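Let me begin by presenting the structure, written as structure tokens, before commenting on it.
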2 protein chains.
Amino acid sequence: MALEHAILVSLLEKPGSGYELARRFERSIGYFWTATHQQIYRVLKRMEADGWVVVRDVAQKTRPDKKEYAVAPAGREALSRWLHDPIEPESVRHDLAVKIRGAAFDDPAALVREVERHQGLHRDRLAHYLAGERRDFGPEPGACGPPDAGRELQHAVLRGGIAYERMMIDWLDDVLATLHRLAPGP
Amino acid sequence: MALEHAILVSLLEKPGSGYELARRFERSIGYFWTATHQQIYRVLKRMEADGWVVVRDVAQKTRPDKKEYAVAPAGREALSRWLHDPIEPESVRHDLAVKIRGAAFDDPAALVREVERHQGLHRDRLAHYLAGERRDFGPEPGACGPPDAGRELQHAVLRGGIAYERMMIDWLDDVLATLHRLAPGP
DNA sequence: TTCGCCATGTAAGATGTTACATGATTAG
DNA sequence: CTAATCATGTAACATCTTACATGGCGAA
């Protein structure tokens, strides 16, 4: 299981509460790993029991108090161990591909809207990624010291997300053309 | 949950046993949906109880007897209903991306091998897809009647798999270049 | 004779999802 | 006044993974 490890990476990048982690999993990290707050709270408890993270109660004036988690040495070691272990390529679940093959036994034309909707979602996400890239990794004014490994690697992952969304948009164009060829409309 | 629906599509394409379904989930369908035989047997039982599929006992001489499943009308309707329902884009789990971001807190150079290994797996899968494409959708000698919807849609999904693998190979090149930049070797 | 394939399953445990629950603050 | 955001959790249920179990056939 890698949710623990995703949380470790996120907490190493910046300590935070379960709620904040859930936010991050909706945003940057969520692009390649999803988790709900219920999962995160449960796993954080286990990680605390295992000594992978430490908690600090933080009182806040206007907002509810929170528990700020940070990575403990044991957590760092666990992450290091995992990083050195080979992992298998992740299992895929593409509902849309199932639908596309299923359309052969239904009305292919009825799928056009759904495919277009998904393409729209991918376009939105691409725009979002590109905006984030401009914001966080925008045009650098010139040579500026030693490269920051964390920054560079985050950028590399983001470029992966961008490449993925572009690929999906192009492929869904291909799928739409196929659907239209099968059921030519007026 | 869409495992039921993936099974329905597969059984509509061709009836078969739980074991055969498990094989297909390792091969063609497995490229966009994974499932183990344990899952498949369990779900097949439920689908049978729900009247989505019907079983037929098939005695075999040299091999163990098997149960051949086929889609019942209720199953076809269930699939149709699902096809017309909008679905959310699937949640992603990219262990490798977690590792790449995690490498910032470890030795980035140590990740090179793992990334290269994954790239190799993607190259293998690409080669496999391309071979399947040549075999099943190879150069057609000319115009040959009306298009077969099932065939065309299967090909479209396969093209998606090919595009995905190409994208991954290219992106991992990018990641490798980034890793090398961060820890320049001799 | 040992290994892999065919073929079906059970059981335990880990993970993930969905619904419910609470309660304060801030913006409209 | 209403809805959204911050913040933490419990409980029930569904699903997925891993290990175990059985047994015959054919190939090396």
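If you're wondering where the values come from, they're calculated on a predicted model, not measured in any experiment. Chain letters run A, B, ... following the sequence lines, proteins first, then strands; residues in each count from 1.
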On the 0 to 90° scale, with breaks at 30° and 60°, tag the A:W82-A:H5 ring pair as parallel, tilted or perpendicular.
parallel
Phosphate OP1/OP2 of C:dT8: any B:Y19 side-chain N/O under 4.0 Å:
no
Rounded to whole angstrom units, what separation is found between the CD atom of B:Q39 and the P atom of C:dG16?
14 Å
Measure from the side chain of A:R46, starting at C-beta and using heavy atoms only, and say which of C:dT15, D:dT8, C:dC6 lies closest.
C:dT15
What class does the angle between the rings of A:H122 and A:H118 fall in, given that below 30° is parallel, 30 to 60° is tilted and above 60° is perpendicular?
tilted
Nucleotide nearest B:K67 when distance is taken to its side chain, options C:dA7, C:dG9, D:dG9
C:dG9
So, does A:Q60 get its side chain near the phosphate of D:dA7, meaning an N or O under 4.0 Å from OP1 or OP2?
yes
Find the distance between CG (B:D124) and NE2 (B:H128) and round it off to the nearest 0.5 Å.
10.0 Å
Selected nucleotide, minimal atom distance to B:T62 side chain, candidates C:dG23, D:dC25, C:dA7:
D:dC25
Let me know the distance between CE of A:M47 and C1' of C:dT15, rounded to the nearest Å.
15 Å
Separation of B:I40 atom CD1 from C:dA7 atom P, in whole Å?
14 Å
Protein-nucleotide distance (A:R56, atom CZ; D:dA7, atom P), rounded to Å:
13 Å
Please report the distance, rounded to the nearest Å, between CZ in A:R63 and C1' in D:dA4.
14 Å
Hey, is the side chain of A:R42 pairing donor to acceptor with the base of C:dT17 inside 3.5 Å?
yes
Residue whose nearest DNA chain C nucleotide is more 5′ - A:H37 or B:D65:
B:D65
In whole angstrom, give the distance that lies between atom CG of A:D57 and atom C1' of D:dT8.
12 Å
Relative to the 5' end of DNA chain C, which residue comes earlier, B:R23 or A:T36, by the nucleotide with the nearest heavy atom?
B:R23
For atom CD of B:E26 and atom P of C:dA7, their distance in whole Å
13 Å
Can you tell which of D:dG9, C:dA7, D:dA7 lies closest to the side chain of B:K66?
C:dA7
Look up atom CZ in B:F25 and atom CG in B:L3, then write down how far apart they are to the nearest 0.5 Å.
5.5 Å
Within the 4.5 Å heavy-atom criterion, are B:V98 and A:W33 side-chain neighbours or not?
yes
Over how many whole Å does the gap from B:E4 atom CD to D:dC16 atom P extend?
9 Å
Report which part of the nucleic acid B:K45 touches: base, sugar-phosphate, or nothing (heavy-atom distance under 4.0 Å, all strands).
sugar-phosphate
Would you mind classifying the nucleic acid contact of B:Q38 as base, sugar-phosphate or nothing, using non-hydrogen atoms under 4.0 angstrom?
base
Would you say D:dG9 has OP1 or OP2 under 4.0 Å from some side-chain N or O of A:Y41?
no
Salt-bridge contact A:E20-A:K14 (side-chain N to carboxylate O under 4.0 Å)
no
B:R93 vs C:dG16: side-chain N/O to OP1/OP2 distance below 4.0 Å:
yes
